[in-house]
Amino acid sequence: MSSAPNIDLTETLPGRIQEVGTSQIGLVADRGRDDPEVVKLWIGEGDLPTPNFVVEAAQRAMLAGETRYTYSRGLPRLHQALSDYHRRHWGVEVAPERFAITAGGMNAIMQACQALLEPGDEVIIPTPNWPNLAEAVRVTGGVPVTVPYRRSADGRFSLPLEDILAAVTPRTRILVVNSPSNPTGWVMPLAEMEALRDAARERDLWIISDEVYSHFTYGNAIAPSFLQICTPSDRLIVTSTFSKNWAMTGWRAGWLVYPQGLAETFGKLGQYNTTSIPTFIQHAAVAALEEGDAFIRTMVGRCAESRAIMVEGLSRLKGVTVFAPEGAFYLMARVDTDETSLDLAFRLLREAKVGVAPGTAFGPEGEGFIRICFAVSPGLAREAVARLTRVLGERQP
């Protein structure tokens, strides 16, 4: 009996799959995720547990037998709760039939790309960016086209409309906006959203708006949504998740909002992606939406306090430039060093026992930066600053 030929089977896979990148966040986290002494600030996850009222809703649903298949787009009751949530926070009327429930925000992005992209279609994505955005485009046959944020001397990021439009070609299909942004903390003003909407309408382009961090702003108002300025017939898909607002990262529950008339399309995509997410988790998601506004305020308040601690502390460090981000819960800190961002992240893990994400995890424009998640307690934020100070040193007066 002959043996199978000794070949690298990865070389037999489609090119778009071979080109999918390896997460540098995972490379760092895998070296320290089991070390209890490490202050873990690398992944976009808060340190609060899922609130009891959400857990108890899931338990009640399981005990009541809500453990069977359900609608591929999700429970009608959950669609209504999402409609009520958007009315309450943004003052918009989104019909319940325009929601699809997904396995987290990642699956929402993936389904949006599956619905919209033909092979070779271009998708414009600001960078540095959450790496999963570009990889979802690549997996579904699209071509990511990156547009760098501009950065001022004090470290602030901006994204002029002319930069986005300069990247548009005849192959462009989608404009991606992530506001508030991971990792830059940039928040798109409503007037700029309107200008981008108008440009997309003129060019028959789609907008995918990743609005996961909408509540995490540090002024007096929630971040604006494209749903406030678009009609149900606009080429707009909004994606979000239960992960951040209600400390439900491991529950894998998210949603997307699509234009009127695409319910059947996303019903089929839900069917063939996941069939549906667990029914009892959907009941827990209803509880999060209906009872969880106070928890969101607690989360954002803690983030605001830890943000201030980290910005003040890191700004004293030698060679570090950092600014207070407008939104999300990350600091994108520039560090003047001869090391690569990845090597610096490994060194901080080894010497400071602080886990950070290398800036290059978010694209080559992130070289020279580290990303720090400040969705942690003020006490842990102070400890992280103290450890980083011991390793990087303070500026000379």
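Scanning for side-chain hydrogen bond (donor to acceptor under 3.5 Å, both in side chains) contacts around Glu367 gives Ser341, with sequence neighbours left out. Judged as a side-chain hydrogen bond (donor to acceptor under 3.5 Å, both in side chains), and not counting sequence neighbours, the contacts of Asn182 are Arg371. Thr146 pairs by the side-chain hydrogen bond (donor to acceptor under 3.5 Å, both in side chains) definition with nothing, not counting sequence neighbours. In this view, Phe226 satisfies the ring pair (Phe, Tyr, Trp, His ring centres under 6.0 Å) rule with no residue, not counting sequence neighbours. Take Glu192 and apply the side-chain hydrogen bond (donor to acceptor under 3.5 Å, both in side chains) test, not counting sequence neighbours, and it matches no residue.
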Determine, stepwise, if the pair Tyr213 / Asn245 fulfils side-chain hydrogen bond (donor to acceptor under 3.5 Å, both in side chains).
CA-CA 8 Å; Tyr213 298 97; Asn245 292 345; over 6 Å; no
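Under the side chain to side chain donor-acceptor pair (under 3.5 Å) criterion, the residue pairs touching residues 167-176 are Glu122-Thr169, with sequence neighbours excluded.
Residues Tyr71 and His79 place their aromatic rings such that the two centres sit no closer than 6.0 Å. In this structure, Trp186 has its ring center closer than 6.0 angstrom to the ring center of Tyr149.
Classification of Asp47 and Arg302 as a salt-bridged pair holds, one side-chain N sitting under 4.0 Å from a carboxylate O. Ionic pairing of Arg387 and Glu37 is not present here: no N-O contact between side-chain nitrogen and carboxylate oxygen is shorter than 4.0 angstrom. Taking a cutoff of 4.0 Å between a charged side-chain nitrogen and a carboxylate oxygen, Glu194 and Arg197 do not qualify as a salt bridge. The pair Lys318-Glu394 fails the salt-bridge criterion, with no side-chain N (NZ, NE, NH1 or NH2) lying under 4.0 Å from an Asp/Glu carboxylate O.
Using cut-offs of 30° and 60° for the angle between ring planes, the Phe157 and Phe323 rings count as tilted.
Under the 6.0 Å distance and 45° angle rule, Arg31 counts as a cation-pi partner of Phe346.
Between the Trp90 side chain and the Ala223 main chain, a donor and an acceptor come within less than 3.5 Å of each other.
Using modelled atom types, one finds a donor on one side chain and an acceptor on the other under 3.5 Å when comparing Gln24 with Thr360.
Note on Leu256 and Ile207: separate hydrophobic clusters, where clusters join Ile, Leu, Val, Met, Phe, Trp and Tyr whose side-chain heavy atoms are under 4.5 Å apart, directly or indirectly.
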